[in-house]
Trainee: 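Pasting a structure here, questions to come.
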Amino acid sequence: MSSQPIGVFDSGLGGLTAVKQLRAIMPHENIVYFGDTGRVPYGNRSVATISRYAKQDARFLLSHDVKMVIAACGTVSSTVLDLSDVLPVPYINVIAPTAAAAVKATKNKRVGVIGTRATIGSCAYKKEIEKIDPEIMVIQRECPLFVPIVEEGFISPDDPIAKLTVERYLKEIKEQQVDTVILGCTHYPILKPVIGEYVGEDVRLIDSGKETAIYASKLLGEKGLLNSSDAEGECSFFVSDRTDDFASIASIFLQSNIGENVDRVEIWDY
Ligand code: DGL
């Protein structure tokens with residue numbers, strides 16, 4: 001049983017959707033979150049650059065003595081495949097748990113996957129789904145404007161920019177009559193109301209942060225690494241750029257107030 005924190009990182013704020021789920025599922029766990037806000041977005045960068053950034057992010061978390069590292073970032077998860085080899089603690093990413101949930105959810109065997117340019121280009125979700133069930137048809141679409149839209153806070157279901165962008169990107173997926181859509185980037189659950197309204201209520205939206213949090217809890221349990229304390233877990237937040245507006249934006253992702261609990265990290269040092 002271990003009171004060491006769980007380490008979670010993302011290119012920016014999107015991974016907080018996974019933190020929200022981790023806190024709901026494992027309220028006694030301590031969490032250290034790193035959001036690489038100084039280098040976001042990762043989604044349009046080369047695999048070599050994403051890989052270099054991801055290793056620095058993980059090394060920073062290790063400096064906080066974490067017991068597990070979670071890449072709560074679809075882009076890192078789909079492009080950096082060798083991170084588990086360089087880490088001394090269990091490492092998980094969002095691909096396998098999310099793909100498994102989509103396979104379980106689909107009835108008509110037509111699944112849509114949306115993500116950043118790097119995620120869709122890697123076909124990581126598609127390959128994982130086809131490995132489990134080759135009969136499932138996967139329709140992919142990159143949605144590069146979703147991350148800046150979320151980081152800018154254009155997220156209300158009535159926001160005309162969000163609505164128009166969702167319609168533009170998801171038109172084909174809707175026409176293909178999928179019954180399940182993977183929100184393959186951890187920023188996207190914030191746009192769930194807009195996306196849900198466009199694709200219709202019969203379409204299941206799979207939240208990669210949520211599925212990964214469920215998997216993390218299972219794995220920690222199996223390894224005997226869950227925190228045995230009854231106290232509420234503590235969360236520490238770190239970013240690589242300005243901290244002044246982090247709390248207000250983070251509260252949207254977490255749906256709770258984090259106060260002043262955020263520090264800046266010089267991530268190039270790791
Ligand atoms: N949350 C990241 C992801 O899941 C955002 C992508 C980006 O930085 O471009 O892919």
Side-chain angles (χ1 to χ4, degrees), residues 7-22 33-58 60-61 69-81 83 91-99 101-102 112-126 128 140-155 162 165 169 181-192 195 205-213 215-216 237-241 246 249-250 252-254 267:
V8 182
F9 75 92
D10 178 45
S11 57
L13 298 165
L16 292 173
T17 58
V19 171
K20 179 174 167 244
Q21 302 292 345
L22 287 166
Y33 180 81
F34 173 66
D36 199 359
T37 51
R39 305 189 294 197
V40 70
Y42 285 8
N44 300 324
R45 299 184 192 274
S46 69
V47 173
T49 301
I50 298 167
S51 182
R52 187 158 147 237
Y53 289 178
K55 283 176 188 162
Q56 288 181 315
D57 302 346
F60 166 72
L61 292 174
V69 171
I70 302 178
C73 175
T75 302
V76 169
S77 303
S78 55
T79 54
V80 183
L81 303 173
L83 216 50
Y91 164 72
I92 63 172
N93 69 39
V94 298
I95 305 296
T98 310
V113 178
I114 56 175
T116 64
R117 192 157 278 151
T119 296
I120 297 307
S122 76
C123 294
Y125 283 112
K126 185 170 164 25
E128 187 67 26
Q140 305 192 95
R141 181 67 162 101
E142 58 189 41
C143 307
L145 286 178
F146 281 2
V147 170
I149 281 178
V150 169
E151 301 253 339
E152 283 296 324
F154 299 160
I155 53 174
T165 315
Y169 283 147
V181 173
I182 288 183
L183 306 177
C185 166
T186 46
H187 279 69
Y188 296 1
I190 300 294
L191 291 173
K192 217 169 173 179
I195 295 171
L205 301 179
I206 309 288
D207 175 338
S208 56
K210 182 174 176 187
E211 300 308 328
T212 307
Y215 179 60
F237 299 94
F238 298 88
V239 290
S240 52
D241 205 337
F246 178 81
I249 307 174
I252 298 171
F253 281 83
L254 293 168
I267 194 65

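FYI, the numbering just counts along the sequence from 1. Ligands are counted one by one from 1 in listed order, and the atoms in each one are counted from 1 as well.
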Trainee: Just by distance, no angles: are the side chains of Y42 and D36 close enough, under 3.5 Å, to form a donor-acceptor pair?
Mentor: yes
Trainee: Is the H187 ring parallel, tilted or perpendicular to the F253 ring (thresholds 30°, 60°)?
Mentor: perpendicular
Trainee: Tell me: protein heavy atom nearest atom 2 (C) of ligand 1, and distance?
Mentor: D10 OD1, 3.2 Å
Trainee: Quick one: look up the protein heavy atom nearest atom 9 (O) of ligand 1 and list residue, atom name and how far away it is.
Mentor: G43 N, 2.7 Å
Trainee: Which of the numbered atoms in ligand 1 are below 4.0 angstrom from a heavy atom of S11?
Mentor: 2 (C), 5 (C), 6 (C), 7 (C), 8 (O)
Trainee: Under the criterion side chain to side chain contact (heavy atoms under 4.5 Å, CB included), which of L254, I249, I252 is the partner of L13?
Mentor: I249
Trainee: Give the numbers and elements of all ligand 1 atoms closer than 4.0 Å to a heavy atom of T116.
Mentor: 6 (C), 9 (O), 10 (O)
Trainee: Would you mind listing which atoms of ligand 1 come within a distance below 4.0 Å of any non-hydrogen atom of P41?
Mentor: 7 (C), 8 (O), 9 (O)
Trainee: Between R52 and D57, does at least one N-O distance fall below 4.0 Å, as a salt bridge requires?
Mentor: no
Trainee: What residue and heavy atom of the protein are closest to atom 4 (O) of ligand 1, and at what distance?
Mentor: G74 N, 2.5 Å
Trainee: Which one holds for T75 and ligand 1: side chain close, backbone close, both close, or neither close, with close meaning a heavy atom under 4.0 Å?
Mentor: both
Trainee: Between T119 and S78, do the side chains contain an N or O donor and an N or O acceptor separated by less than 3.5 Å?
Mentor: yes
Trainee: Answer yes if the ring centres of F238 and Y33 are under 6.0 angstrom apart, and no otherwise.
Mentor: no
Trainee: Does even one non-hydrogen atom of G12 get within less than 4.0 Å of ligand 1?
Mentor: no
Trainee: What do you reckon, does Y42 have a nitrogen or oxygen under 3.5 Å from a nitrogen or oxygen of ligand 1?
Mentor: yes
Trainee: Can you see whether S208 engages T186 through a side-chain donor-acceptor pair at a distance of less than 3.5 angstrom?
Mentor: no
